[in-house]
Amino acid sequence: MKFALSTLSTTVMTITLMSIAATASARASEHMNESQNEMIAVNVTQIIDADNQNNASSALDMVNQNITSKTVFSKHAASANKSSINEASVKSATIRVDSTGEASGHQAALSTLIDPITHKSIENSYPLQVSSLLSLEQAQNILLQVSPKIAANQAAIAASEYQTDALKTIDHPLVFARVSATTYNLDADIDLSSLKNGIVNDINNGVGDIIPPIPDLPNFGELVGERIPDNYELKRSGSTAGAGLGVVWPIYTAGRTAALTGASNARTQEAVADSILDKNELYNTLIERYFKAQLAIIAAYLRDDAYDTLQQTDHMAQRLFEEGFISRVDRLEAQSALADAKSESVNANNDARLAMIALQRLLRTEYRIKPHTPLFVSSRPLPDVSYFQDLALTNHPGLQKVAAKRAQAQQLHALSDTGYKPTVMLYGYGQIEKDPSWIAGVSASWKLWGGLDKTASLASSNAKIRQADLSEIEVSDNLLLLVEKNWHDVNNAQSRYQALQSNVELAAEVLRLRRLGLQEGLNTPVEIAQAQTQSLKARTEQAQAAYSYVQSLAALMQSCGTPLAFNAYLNAADIRLPTLYDK
């Protein structure tokens, strides 16, 4: 499928790809020179299907009619080796992961789906319809829903919150019930001989001490002993049942419960800060891949345009050689330049394909994502660096994480400080029987010795608090320096882009004159190839400067802790580069 592309900008000449015939190109350049001083802020790119000859002719007619106000992309921009980039816009399904296992208001039922990238099953998910044609803002919204890293962080936050909820009831009364049922069978042979001998001896000794010896007096010990057997066989069986209710209520824990709950809350805040850090990093990765795909597509079209131009030059060189106007060496040099241009075009198309695959992997789809938010540069100066530094000190999640660490250390200090304080509990238990019995009371317990050393625990928690305070100073210093670096990078990329405009205009004019000179026999094909190379270099460098501006701006917004503020600068930009895909 081939496309003819048009854009409403005469300012951004870096991405203009002139691929019409030599005479039409000269005529177009004259009109463009007349409008060099015009400043059109916003570029609009359209895709015109040119699959059949009629459509291609109408597209070319439209280009010729509007050549004074539009720049035309190469007619071979979507050639066969780029067919995979120009797929038809489709809708397909990716996976929305819900870490909490709840639908979060989504109407689709949660189920187990297969991840389109790893082909692994994912529970608590539902299919998400995603168009292949996406703006940056749409891609950002989809990223939040399909990123497994974000879902994993949400699960970690939910787990920490549930732990905190579990600790909130630790000092509430504990009521328990006890039920028992017992069946027993006892069969035992008890030896009573030792007991019998002891009783007999005790009786005889006792009688002898009380009654003086009397003839014919009976032996009382033996009389009693005859009534006691030497052994006794015990047999018993039956069953018992019982039930009871008990209660334990810690009415005073010296602040241990509050300290544990506070530490758990602080761990939740740390998990939230980690999640924000990861989310901001993912936003930055998305911007990098999204606009890298745009830059790679632009580079591919520039290379295609260079190849088209050199094809025309090669054809003209062949005619001049046949007519004897140029030497065989000049003819061979034109052929060599054409071969190099073809190789560079193939490589650029492969790079564009790889960049689109990287974006596709991030958004977890089975098809290519077509970005239609253009690269941009704003000619307006940024606010002062102090503005962004204040934003960073207020919003950056790194400082929030340090604050959460300090809160944890404070709660551990409070917990260590309760080491020798008592724990007071109310308790009670009652039997549920025909004749019930019960017990109730209050108990207090102190640690007198042993366990963790309180002094060492307090020293450890104080050291952790100091560590958090010093870490906050270090993180703040690093953030201020990082913000300043990114701020300067944005300004440098902005000035670089603006400075390259004269190079682009000069290279385009030199190329135009060289091509006209070739027709008149004043220039050689080698000079045409050199001029084409310089033009390609100038346009590519300016496109790369725009990409550097976008990446530096994204890094600046991330270092401020406000990555989505990037969208506001995008929408306010007054210079936008053309795009292949548009709504």
Side-chain angles (χ1 to χ4, degrees), residues 2-6 13-33 50 53 56-57 59-61 63-65 67-68 70-82 299-349 503-540:
K2 297 182 179 180
F3 296 92
L5 286 87
S6 62
M13 299 203 39
T14 58
I15 318 303
T16 61
L17 307 173
M18 295 183 284
S19 62
I20 56 179
T23 55
S25 176
R27 186 167 63 253
S29 299
E30 294 174 359
H31 288 291
M32 291 175 68
N33 288 335
Q53 186 175 359
S57 300
L60 187 57
D61 293 340
V63 169
N64 291 330
Q65 294 170 3
I67 197 68
T68 58
K70 297 184 180 181
T71 304
V72 184
F73 281 87
S74 170
K75 62 183 177 182
H76 296 295
S79 55
N81 61 353
K82 198 185 287 186
Y301 274 91
L302 287 172
R303 290 294 180 182
D304 281 347
D305 178 61
Y307 178 58
D308 286 345
T309 301
L310 290 177
Q311 273 186 318
Q312 298 168 15
T313 303
D314 180 75
H315 178 70
M316 187 173 295
Q318 177 64 28
R319 291 177 56 188
L320 294 174
F321 174 71
E322 292 172 353
E323 296 175 1
F325 289 102
I326 62 174
S327 66
R328 179 171 177 78
V329 173
D330 291 334
R331 177 70 189 98
L332 292 175
E333 287 177 340
Q335 289 178 333
S336 176
L338 180 62
D340 289 341
K342 182 178 180 180
S343 174
E344 294 294 336
S345 177
V346 171
N347 292 340
N349 277 275
N503 292 355
V504 171
E505 295 171 358
L506 174 62
E509 180 64 14
V510 169
L511 177 60
R512 184 184 72 83
L513 295 176
R514 291 290 185 269
R515 294 176 68 176
L516 290 176
L518 180 62
Q519 297 176 22
E520 303 295 333
L522 301 176
N523 297 110
T524 65
V526 175
E527 291 174 326
I528 295 295
Q530 291 174 346
Q532 177 66 51
T533 301
Q534 289 299 320
S535 178
L536 175 64
K537 179 181 177 182
R539 289 181 288 180
T540 303

Reported [atom1]-to-[atom2] distance for the pair [X] and [Y], which is rounded to 0.5 angstrom:
X: Glu344; Y: Asn347; atom1: CD; atom2: CG; answer: 5.5 Å
X: Ser535; Y: Arg512; atom1: OG; atom2: CZ; answer: 12.5 Å
X: Leu302; Y: Leu536; atom1: CG; atom2: CG; answer: 6.0 Å

> Can you list the residues that meet the side-chain hydrogen bond (donor to acceptor under 3.5 Å, both in side chains) rule with Glu527, with sequence neighbours excluded?
Replying inline: Asn523
> So which heavy atom on Ala531 is nearest to which on Val510, and how close?
Replying inline: CB-CG1, 4.1 Å
> For Leu332, which residues count as a side chain to side chain contact (heavy atoms under 4.5 Å, CB included) partner, sequence neighbours excluded?
Replying inline: Arg328, Gln335
> Do Gln312 and Arg515 meet the criterion of a side-chain donor-acceptor pair at a distance under 3.5 Å?
Replying inline: yes
Could you tell me whether the side chain of [Y] reaches within less than 4.5 Å of the side chain of [X], counting heavy atoms only?
X: Gln534; Y: Leu511; answer: no
X: Thr540; Y: Lys537; answer: no
X: Asp340; Y: Leu310; answer: no
X: Asp305; Y: Gln532; answer: yes

Enumerate donor-acceptor pairs with a distance under 3.5 Å from any side-chain N or O in residues 316-327 to protein atoms, sequence neighbours excluded.
{"residue": "Gln318", "atom": "OE1", "partner": "Arg331", "partner atom": "NE", "Å": "2.5"}
{"residue": "Gln318", "atom": "OE1", "partner": "Arg331", "partner atom": "NH2", "Å": "3.0"}
{"residue": "Gln318", "atom": "NE2", "partner": "Glu322", "partner atom": "OE2", "Å": "2.8"}
{"residue": "Ser327", "atom": "OG", "partner": "Asp330", "partner atom": "N", "Å": "3.3"}
{"residue": "Ser327", "atom": "OG", "partner": "Asp330", "partner atom": "OD2", "Å": "3.4"}

